[in-house]
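Take a look at the structure set out below.
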There are 2 protein chains.
Amino acid sequence: MHHEPTSGTVPVHLRIADALRAQITSGELQPGQAIPSTKVLAQDWHCSVGVARMAVAVLMDEGRLSGGRGKPATVRRAPTRRPLTLSSDWSQLQKDMVHRPESERRERGAIELTAGVPISATNSSANYQQVLATPEIASEFDLPVGVEVVQRTYEMTDKESGMRLSWSVSYIPLEYIRDNPALLDESNEPWPGGHQHQLSTVGIEIDRFVRKVTAIQPTTGDRQVWHMEPGVPLLHVRSKSVDIEGRVVEMSDAVYPADRAEILYVEQLKRWDLERGQK
Amino acid sequence: MHHEPTSGTVPVHLRIADALRAQITSGELQPGQAIPSTKVLAQDWHCSVGVARMAVAVLMDEGRLSGGRGKPATVRRAPTRRPLTLSSDWSQLQKDMVHRPESERRERGAIELTAGVPISATNSSANYQQVLATPEIASEFDLPVGVEVVQRTYEMTDKESGMRLSWSVSYIPLEYIRDNPALLDESNEPWPGGHQHQLSTVGIEIDRFVRKVTAIQPTTGDRQVWHMEPGVPLLHVRSKSVDIEGRVVEMSDAVYPADRAEILYVEQLKRWDLERGQK
DNA sequence: GAGTGGTCTAGACCACTGT
DNA sequence: CAGTGGTCTAGACCACTCC
C-alpha cells in the first residue's frame, strides 16, 4: 500500500538525508550526538527501515556520521588534521644536512615520514626489492620499460595502537646507484638524512622536487589497515626528485588519510626592493 | 533456506566486490567493459539481487565502476587529471607582474583559476559581499570574531556544457583595503593581475603564500553542480597570503574534483656550490 | 534483555537504455 | 520490446552495546 505518489521526484532516502544534513549543519544536531534510530526514522517518514538505512548510509559516505555496530550513529566531530609540511624551507634544510655528520642526520632523519609523532613511539619496517619498471614507473623516469629499479616500501606504525601512521613506496633506477652497495642494505633504515644523502654518495645533487597531490577513494582493504571510517578519502602524493642535470632520479608515492593529515606548503616570494634591476 | 553457514565471517557482498575488484585490477575486466548484471551475479553467488547490488555499490563508491540508469555498470577509465600548478615560480611571476601595465596583466590575469582552459570558452561570475568574520575565518586572520571582511565568490563554467570548472571563495579584511574603493567593484572581474595587484594598490606587499591541501567527500549537491560521479573526492585548497609584516591579508578556499584536477608544485633547492659560506 | 545497526531475502514497481 | 539498474517493502537473523 503506497501512501503518496512519492510527491516529487527526489527519492525518499535522499530527502531524509537532506533533512538530517540540514540539522547537522544548522547545529540542531551537535557533534557526538546520536541521530534517531533507523526504526524511528522509518516511522517519522512513513517508509521502511531499509530506506532509512539508505539515508544514514548517504551521510556516512559523506563523512558526516560515524557509526554503528550496536551503537547508534552519531554526528562525527570535525577531524583534527596533522599538517604535513612539504615546504621548500624544510627540503632545503634536509639538503643542507647532507654534508653534516651522521649523528646529526640520524637524529632528524625520519621526521620526513612521521609528521610530528615521536620516532620512539613508532615501529617502522622497510623492504627492498629489485623490480622491473612498469610502464607507469618508466614513463616517470623517462626510461625504457623494464629497466631495473630499486623499490623501497616503508611503513610506520604506532607502537601502542598498532595503527598505521605512514606508508610510502619509492623507486630509484638501479643504474644511478650501482656504485654504492650500502644503499641496498635494509639495516640502514630509517635512512639517515633521507634519500638526498644517499644519492649524494654517488655524486647526485638534487635540484628540485616536483610533487603532485590528488585524492582517491580507499578500498575496503585500505580502510582496514588505516582504521579509517567510511567517507574519508586518501590523499595521494607523488614526488619526483630531479637532479641538477634534469634527470628524474627518484620517485615516490605516499598516501595519507584525509581526516588526519593535510598537505601544507609555503611559497616564498622575493621582496620587491631586493630584486630591483635583476632579471 | 541457507546454503552454507556463510563459511567465513566476511559478508557476501564484500566478497563479490573483492572478486570483481581483482578482475578489474588484473585486467580481466577492461576499462569500458560492462560487468555482469546484478541478476547474473546473484545467480553466480547464490544470493539475492539486493546483495549483488550492494557489491557493485561498493565498487561505485571506490570510483572503479561508472554507470547505471538503464545501462549496465562499466569499468571506469582511468581519469585524466589537469595539473593545477601552484609553484613558487608561477607565484613569483604574478608578483613581478604587479608593476607591469594593465594590458599585460589583464591578458594573463585569470589563468589562476582556469587551469588550462581558454578563457574565451568560459563564463565567469563573481559576487562581492561584506560579511562578518565567523570564528573560523577570524582565527585564520588572527582578528576578533565579527570583524568586517569582504567576501568574494568566484565561479567559472564551461560555455558549451555549462559544467562548473572552478569555484572559490576568498576573504580580505575590510580594514586593509578601505582606502581603495575600486577593490569592491564587481565589474573589474576577473581581477587583472589577481589579488596581489589589488593589494599592492593599498601598499600591501605579499611575502609568501601558505597553502593547505586536503580532501573531502562531496555531498549529493556538490555532485550535481560538478557533474561528478560517485566515488570521486573533492580536493580542498586553503591559501593564505601573508604580507611582509607577517599579517594574513587574504584567505581563500577552492575546491576541485579529484578526478579532473591534481595539485602540482615544485620545491626549488639552492645549489651546493652557490651557498658555500652563506647562512 | 532491549535496543541498535549490519546483513540478507524475495519479492514489487519504476525509469531508463538499447534494438 | 526485453534488459538494465534505482527505489522500496516487510519481513528475518545476527552481532554488538549498554544497562
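Reminder, nothing fancy here: chain letters follow the sequence lines and each chain counts from 1.
Nucleotide D:dC14 holds its C1' atom 14 Å from the NE2 atom of B:H13, rounded to whole Å. Atom pair B:M60:CE and D:dT7:P shows a separation of 11 Å (rounding to whole Å applied). Taking atom CD of residue B:Q43 and atom P of nucleotide C:dT9, one finds them 13 Å apart after rounding to whole Å. Here the P atom of nucleotide D:dA10 and the NE2 atom of A:H46 are 13 Å apart, to the nearest Å. In this structure, CG of B:L65 is placed 13 Å from C1' of D:dG5, rounded to the nearest angstrom. Rounded to whole angstrom, the span from the CD1 atom of B:I16 across to the P atom of C:dT9 amounts to 9 Å. Put simply, CG on A:L41 is 13 Å from P on C:dG6, counting in whole angstrom units. The distance from atom CZ of A:R15 to atom P of D:dG6 is 19 Å, rounded to the nearest whole Å.
In this model, the phosphate group of D:dT17 is not approached by any side-chain N or O of A:R69 to a distance below 4.0 Å at OP1 or OP2. Proximity of B:S37 to the phosphate of D:dT4: a side-chain N or O atom is located under 4.0 Å from OP1 or OP2. Put simply, A:S48 has no side-chain N or O that comes within less than 4.0 Å of OP1 or OP2 on D:dA10.
The main-chain N or O of B:L59 is never found under 3.5 Å from a side-chain atom of B:E62 such that the two would form a donor-acceptor pair. No donor-acceptor distance shorter than 3.5 angstrom exists from the side chain of B:S168 to the backbone of B:D253, with no hydrogens or angles considered. For the pair A:D222 (side chain) and A:T219 (backbone), a donor-acceptor distance under 3.5 Å is present. Side-chain atoms of A:T74 come within 3.5 Å of backbone atoms of A:S66 as a donor-acceptor pair (strictly under, hydrogens ignored).
Comparing C:dG5, D:dT4, D:dT7 by their nearest atom to the side chain of A:T38 picks out C:dG5. When the nucleotides D:dT4, C:dT7, D:dC18 are ranked by their closest atom to the side chain of A:K71, D:dC18 comes out on top. Considering only side-chain atoms of A:P72, the nucleotide from C:dG6, C:dC8, C:dT4 that sits closest is C:dT4. Comparing C:dT4, D:dT9, C:dT9 by their nearest atom to the side chain of A:K39 picks out C:dT4. With D:dC8, C:dT7, C:dT4 as the candidates, the nucleotide lying closest to the side chain of A:V12 is D:dC8.
For the 3.5 Å distance criterion, the side chains of A:R211 and A:S239 qualify, holding a donor opposite an acceptor.
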